[in-house]
Protein chains: 2
Amino acid sequence: MGRNSGSRHDGTSLPVTRDVVKATAIRLFSERGYPVIGMRDLSEAVGILPGSLYAHIDSKEALLLDIVKSGVENFTEALTPIVAMDLPGSERLRMALRAHMEVLAVNLDQTRVTFHQWHYLTGERHDQMVGARQEYEDVFRSLLRDGSRDGSLHPRAERKVTALTIIGALGSATEWFTPTGSSSPQQLAEAIGDLVLSGLSAERD
Amino acid sequence: MGRNSGSRHDGTSLPVTRDVVKATAIRLFSERGYPVIGMRDLSEAVGILPGSLYAHIDSKEALLLDIVKSGVENFTEALTPIVAMDLPGSERLRMALRAHMEVLAVNLDQTRVTFHQWHYLTGERHDQMVGARQEYEDVFRSLLRDGSRDGSLHPRAERKVTALTIIGALGSATEWFTPTGSSSPQQLAEAIGDLVLSGLSAERD
DNA sequence: CCTACCGATCGGTAGG
DNA sequence: CCTACCGATCGGTAGG
């Protein structure tokens with residue numbers, strides 16, 4: 001029970017591929033954190049023996065890097081075309097917030113790992129993701145800069161602080177967003193957009 | 001070298017007390033994460049042998065709980081009097097943001113552990129902190145409610161989402177705030193306050 | 001706070 | 001993907 005290839009606890013079975021290992025790792029790392037998940041936890045959830053995992057992956061940390069790298073790609077692929085659009089900065093910012101929440105909602109577990117577990121990478125793998133994270137910050141900084149220039153945004157504080165605050169708010173959404181909640185990702189993006197664009201003090205829309 | 005009680009790598013020495021163990025743990029847990037810090041890392045940093053730690057603490061997890069509980073207290077002690085003040089919601093919200101950033105700046109490492117490592121607690125210890133976190137969320141929800149009633153705040157979205165977004169932004173500040181940076185905690189709180197209160201789209205102050 | 005040690009678990013491998 | 005196993009490290013303890 002649980003030892004045969006591809007057998008799952010719901011009784012169905014599927015071939016154990018690299019993608020199955022990765023998807024299972026995403027779920028476990030998201031739920032309990034990368035460092036506390038052992039290769040034995042992962043192999044049991046997948047339905048093979050611990051040593052057999054290494055037919056699919058090189059190492060635990062290489063698996064984490066793979067998850068985090070493709071997790072970042074989900075966001076850059078969604079946001080890059082928006083940034084390049086010929087629209088006011090304020091509109092592109094709103095679209096970027098919506099795109100972020102939609103990607104987050106579709107890949108919630110992977111986004112959690114991407115935003116909150118990447119720093120367990122070491123050495124060169126770590127440096128790689130520091131760069132990727134910086135690029136994502138730059139996306140928002142450039143939207144703020146464009147909006148200031150075209151007159152659609154009026155950030156009162158340093159753009160860097162503003163960008164980090166917005167990204168922080170988005171990153172925290174991985175912790176409280178629930179797919180079964182009453183609000184859709186689009187509605188949540190609208191709410192965050194209202195807060196960031198209009199603030200709380202006036203009733204102007 | 002490093003084995004004598006209280007000897008530190010800078011050559012000075014101090015008595016090893018429970019507070020020294022706690023302060024050292026705060027630094028290590030903050031820098032590298034609770035699960036990856038072993039008791040041997042901690043004992044070495046403190047300057048005693050691994051088993052000797054248990055003269056000062058009951059267990060690794062009890063140490064984490066102690067850190068996280070007092071970390072939460074730092075915030076509730078600073079915010080409770082502000083919430084009780086007889087002022088418009090908008091002003092109390094601004095004061096709350098400033099108080100949060102000031103506590104965060106003074107106890108940066110402990111705040112990092114408090115906000116980002118508490119979920120490694122298990123069982124009853126875990127449930128305890130879920131409650132404490134909820135109380136902190138309620139502080140901001142009640143400020144938003146009061147502000148709506150007295151007319152000083154006009155949240156466009158659900159108060160819950162707004163509160164979570166604000167708390168998320170504040171929580172993320174632990175990741176990018178640097179004590180040596182160009183902006184003081186007060187300036188950063190002002191910037192976040194401007195963003196939350198006034199938004200980005202208008203030039204009204 | 002040290003000495004000496006415990007059983008359990010860790011990521012990973014050789015050879016099939 | 002399994003069998004059988006490796007050395008290293010884990011949190012923690014008894015007795016001083």
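Chain letters run A, B, ... following the sequence lines, proteins first, then strands; residues in each count from 1.
Outside the 6.0 Å centre-distance limit, the rings of Tyr120(B) and Phe29(B) are not counted as a close aromatic pair.
Under 3.5 Å, the side chains of Ser152(B) and Glu91(B) contain no donor-acceptor pair of N or O atoms. A donor and an acceptor atom, one from each side chain of Ser183(B) and Glu158(A), are located under 3.5 Å apart. Remark: the Thr174(B) side chain and the His116(B) side chain contain an N/O donor-acceptor pair separated by less than 3.5 Å. Side-chain contact of Lys22(A) with Ser70(A): a donor-acceptor pair under 3.5 Å is present, judged by distance alone. Between the side chains of His154(A) and Ser201(B), not a single donor N or O lies within less than 3.5 Å of an accepting N or O.
When distances run from any side-chain atom of Arg40(B) to the nucleotides dC1(D), dT3(C), dC10(D), the shortest one goes to dC10(D). For Tyr54(B), the side-chain atoms get nearest to dG12(D) when compared with the rest of dG12(D), dT3(D), dG11(C). Closest to the Ser52(B) side chain, of the nucleotides dG12(D), dC1(C), dC2(D), is dC1(C).
Distance, Leu64(A) CG to dG11(C) C1': 14 Å, rounded to whole Å. The distance between atom CD of Glu44(B) and atom C1' of dC10(D), rounded to the nearest whole Å, is 15 Å. Rounded to whole Å, the distance from CG on Leu28(A) to P on dG11(C) is 12 Å. At whole-Å resolution of the value, CG in Leu49(B) and C1' in dG12(D) are 14 Å apart. What separates CD1 of Ile48(B) from C1' of dT3(C) is a distance of 14 Å, to the nearest Å. To the nearest angstrom, P of dG11(C) lies 10 Å from CG of Leu42(A). At whole-Å resolution of the value, CG in Leu53(B) and P in dG12(D) are 10 Å apart.
Of the options Val21(A), Leu28(A), Ile26(A), a side chain to side chain contact (heavy atoms under 4.5 Å, CB included) to Thr24(A) is made by Leu28(A) and by none of the others.
With the 3.5 Å cutoff on both pairing distances, Watson-Crick and G-U pairs in DNA chain D assemble into runs of at least 3 at C:1-16 with D:1-16.
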- Is there a salt bridge (charged side-chain N to carboxylate O under 4.0 Å, His left out) between Glu137(A) and Arg141(A) once you walk through the steps? CA-CA 6 Å; Glu137(A) 188 189 320; Arg141(A) 288 179 78 163; 3.4 Å; yes
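Cation-pi geometry between Lys60(B) and Tyr34(B) is met: under 6.0 angstrom from the ring centre, within 45 degrees of the axis.
Contacts between residues 55-62 of chain B and DNA chain D, counted as heavy-atom distances below 4.0 Å, involve Ser59(B), Lys60(B).
Among the heavy atoms of the strands lying under 4.0 Å from Ile37(A) are primed sugar atoms or P, OP1, OP2 only; no base atom is included.
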